[in-house]
2 protein chains.
Amino acid sequence: MAGIADVAARAGVSKATASRALSGSGYVSEDTRVRVRAAAEALGYVPSAGAVGLATGRTQNIGVVMPYVNRWFFAEVLEGIQQTLLTHGLDLTLYDAKPGTTGRARIFGDFLARKRFDGLIAVGLDPADHELDQLTQIGRPIVSVVGAGDQASIVAVDDDSAARRATQHLITLGHTDIAFLGGGDRGGTQWAHVDQQRLAGYRRSMEEAGLAEFERHIASDVTLPGGYAVAADLLGDTRGRPTGIVAVCDEVAIGAIIAARRLGIAVPSALSIVGIDDHEFAEMFSLTTLQQIPREQGAAAVELLLAEIADPARPRTRELMHARMIVRTSTASPSV
Amino acid sequence: MAGIADVAARAGVSKATASRALSGSGYVSEDTRVRVRAAAEALGYVPSAGAVGLATGRTQNIGVVMPYVNRWFFAEVLEGIQQTLLTHGLDLTLYDAKPGTTGRARIFGDFLARKRFDGLIAVGLDPADHELDQLTQIGRPIVSVVGAGDQASIVAVDDDSAARRATQHLITLGHTDIAFLGGGDRGGTQWAHVDQQRLAGYRRSMEEAGLAEFERHIASDVTLPGGYAVAADLLGDTRGRPTGIVAVCDEVAIGAIIAARRLGIAVPSALSIVGIDDHEFAEMFSLTTLQQIPREQGAAAVELLLAEIADPARPRTRELMHARMIVRTSTASPSV
DNA sequence: TTGAAAGCGTTACCAG
DNA sequence: CTGGTAACGCTTTCAA
């Protein structure tokens, strides 16, 4: 409970000097600096965050809003953010804003308005229009990881391109009957922006290859069990079974692989599956995929945000990362 | 940016009265209360958290420390905590303290010392002795979800009993050669306390049933791929293959199921597997398991913590939840 | 029932 | 290079 006054007294200086010595800002003789530091150390002095915040206007805290925390991508981004903030000595306040919940409404209405942070990172938030308004009302820098809009800086992977390359990979292997699995409006969850972009990439590729007639999108929850369920349906019917599947993400792709195995459909000889993400399970299922590294996106978002906090006039940025293709053995040429 | 002074001015009262009217503490005539409220509303007044904290000593913020955020159990607990805090209007500051990292050291050394929270929830932390010291130094109420010790209140499932019932389930079905899969010291990660308790429960059951000779523990990372890897090894060898497996948790159990399927070993006719958790994938794999509901543990931890914050003299509590057995079709009597 | 004023623990400005 | 002092925005006695 020692305050800066105690430290100052012990070091035989004024509070002002003690403050300067400790924070490193302003002139202090090397001599007194050492003395003050020692006093602080001896007393186990820890500055009161609230007081510092009041005086400086900086909370030393970053807010993070995301719709889920239990899905791979989000958890990874969160870890990336957390780790990076740690090196900067900043705290992280988490807001779990699940779409369509009253909790989300409260977060947007009350919590964010409190501005208990110097900046905000929004991960895959897909804010509704009025939510977007509330966000900009805050008047603090915002960086979004994934997402659309030009209000805030964005860090993301090029989803459209990733989906196109995934699709082209199958086309190059000789597939024509390629379905796109996952995403869409189901059970009240809205069609996520990323998912739409990926679907669009698939569509474009199919059309460019003259395969428009084969285009089809099978909606699902964007989870592993979700992918499993619709894949089981799709693959259960022998007629109309595609030879290739582009999944909206690895979780869905893996669900499909598990479904295929259960049905005795050999992957890749009878069915090729490609995902997007490079999920932690991808290797175990030998899944060919387009890799993104969410941790790095989280880290990049933090650096970007800190830059914008330091210089609010800094222009908005859009940092698109490139997904690297990792070919494993879930894809092959279709058997004749 | 409107402050309470502005609100007071607009309502024609003093700051003191405005404060009372808004916070609801102290006498204020119904009339002025309404007037103040209206003024606050009109001005879009939001109290400054830092200032409130300085004046009251309460941060309206709860800290959460956990070693992982990307594993099912932890993510679920986190959601439970978050949701409950939301209803109380409290913020949540997250500290991701992965074992053996320098980040963890910083969290325990610097971050927690700042006390930017009114109380702390430690989830599956298994703190080392010196970390435990640092934790108690903080001087704020702490509740731990899972874990040992008597310094803090605890919310947990009865792991020992859960593991015993899982084991007994297999024994009752007629199994004798039952292995315990998962957990242990591997790759630097320390033997988690929960895992040890579950192993102990398995051991006790085996011994009580006179099956001590069959006892064996196969270590693994406590993840789905971790379970897959060791199960593939274990089951690949026809001799010495057990007829039953008790997994340290559902993730490991599911990894084992996937491995068994790949090896063409029928579950449950050739191999019974039981897990603990009721993971989100459990249903999809028809896994028999002992259910715990981490969300509820998170919620319970919050309520407990708030009670201790309100009354610091409140005695420490230990809230053991009962795991319910859910029998699906991953277990059956061994074929003769 | 209300208001004035004294903190809460820092930082930052302005003299010295 | 250092010290006094006024903020920062709110709550909370203490009087009135």
Side-chain angles (χ1 to χ4, degrees), chain A residues 1-37 39-40 43-61 89-91 110 113-118 139-140 309, chain B residues 1-37 39-40 43-61 89 91 110 113-118 139-140:
Chain A
M1 289 301 296
I4 199 169
D6 304 308
V7 175
R10 191 177 220 268
V13 298
S14 69
K15 284 195 322 182
T17 306
S19 173
R20 272 177 246 138
L22 259 20
S23 68
S25 68
Y27 294 104
V28 182
S29 75
E30 189 50 35
D31 193 48
T32 52
R33 182 193 312 285
V34 172
R35 218 146 21 89
V36 172
R37 289 255 165 91
L43 266 42
Y45 168 72
V46 178
S48 145
V52 174
L54 241 200
T56 61
R58 288 239 179 295
T59 62
Q60 308 293 1
N61 185 77
L90 299 170
D91 273 339
D110 305 348
R114 290 187 199 155
K115 307 190 235 235
R116 300 181 72 157
F117 39 77
D118 300 327
R140 292 257 188 293
I309 290 172
Chain B
M1 290 297 298
I4 199 170
D6 304 310
V7 175
R10 191 176 221 268
V13 298
S14 70
K15 286 195 320 181
T17 308
S19 174
R20 272 175 244 140
L22 259 20
S23 69
S25 68
Y27 292 105
V28 181
S29 74
E30 188 52 33
D31 192 49
T32 53
R33 181 191 315 284
V34 172
R35 218 146 22 89
V36 172
R37 289 254 165 91
L43 265 42
Y45 167 72
V46 178
S48 147
V52 174
L54 244 199
T56 61
R58 288 238 178 296
T59 62
Q60 308 292 1
N61 185 76
D91 272 339
D110 306 346
R114 290 188 199 155
K115 307 189 233 237
R116 299 180 74 156
F117 39 77
D118 300 328
R140 293 256 187 293

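Reminder, nothing fancy here: chain letters follow the sequence lines and each chain counts from 1. Because only heavy atoms are used, hydrogens play no part in the values below, and waters and symmetry mates are left out as well, while side chains stay in. Nothing here was measured: the structure is a model prediction, and the numbers come from that model.
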Taken to the nearest 0.5 Å, the spacing of B:Thr59 OG1 from B:Arg116 CZ works out to 9.5 Å

Given B:Arg10 and B:Leu43, is the side chain to side chain contact (heavy atoms under 4.5 Å, CB included) satisfied, shown in steps?
-> CA-CA 9 Å; B:Arg10 191 176 221 268; B:Leu43 265 42; 3.1 Å; yes

A:Phe117 backbone acceptor or donor facing A:Arg140 side chain under 3.5 Å = yes

Looking at A:Val13, A:Val7, A:Thr17, which hits side-chain contact (heavy atoms from CB on, under 4.5 Å) with A:Arg35?
-> A:Val13

Mind grabbing the angle between the end helix axes of the helix from C:dT1-D:dA16 to C:dG16-D:dC1? Five pairs an end, 10° rounding.
-> 40°

What distance separates A:Asp91 CG from B:Asp91 CG, expressed to the nearest 0.5 Å?
-> 11.5 Å

Closest non-hydrogen atom pair, A:Asp118 against A:Gln60 = OD2-N, 2.9 Å

How far does CG of A:Leu54 sit from OG of B:Ser48, to the nearest 0.5 angstrom?
-> 5.0 Å

Rounding to a whole Å, what distance do you find between A:Leu54:CG and D:dA6:P?
-> 17 Å

How close or far is atom P of D:dC8 from atom NZ of A:Lys115, stated in whole angstroms?
-> 16 Å

Atom of B:Val28, atom of B:Ala21 and distance for their closest heavy-atom approach = CG2-N, 3.7 Å

Tell me what B:Ser23 touches on the nucleic acid: a base, only sugar-phosphate, or nothing, going by heavy atoms under 4.0 Å.
-> nothing

Return the value, rounded to whole Å, for the distance between atom CD1 of A:Ile4 and atom P of D:dG3.
-> 13 Å

Tell me which of B:Glu30 and A:Thr56 sits closer to the 5' end of DNA chain C, going by the nucleotide each one is nearest to.
-> B:Glu30

Could you list by number each residue of residues 12-20 of chain A showing a heavy-atom separation from DNA chain C of less than 4.0 Å, or answer none if no residue does?
-> A:Lys15, A:Ala16, A:Ser19, A:Arg20

What pair of heavy atoms forms the shortest contact from A:Ala40 to A:Leu22, and how long is it?
-> CB-CD1, 4.2 Å

A:Val36 near the nucleic acid: base, sugar-phosphate alone, or nothing, with a heavy-atom cut-off under 4.0 Å?
-> nothing

Tell me which of A:Gly3 and B:Arg35 sits closer to the 5' end of DNA chain C, going by the nucleotide each one is nearest to.
-> B:Arg35

Going 5' to 3' on DNA chain C, which nucleotide is the first and which the last to come under 4.0 Å of a heavy atom in chain B?
-> C:dT1 to C:dG9

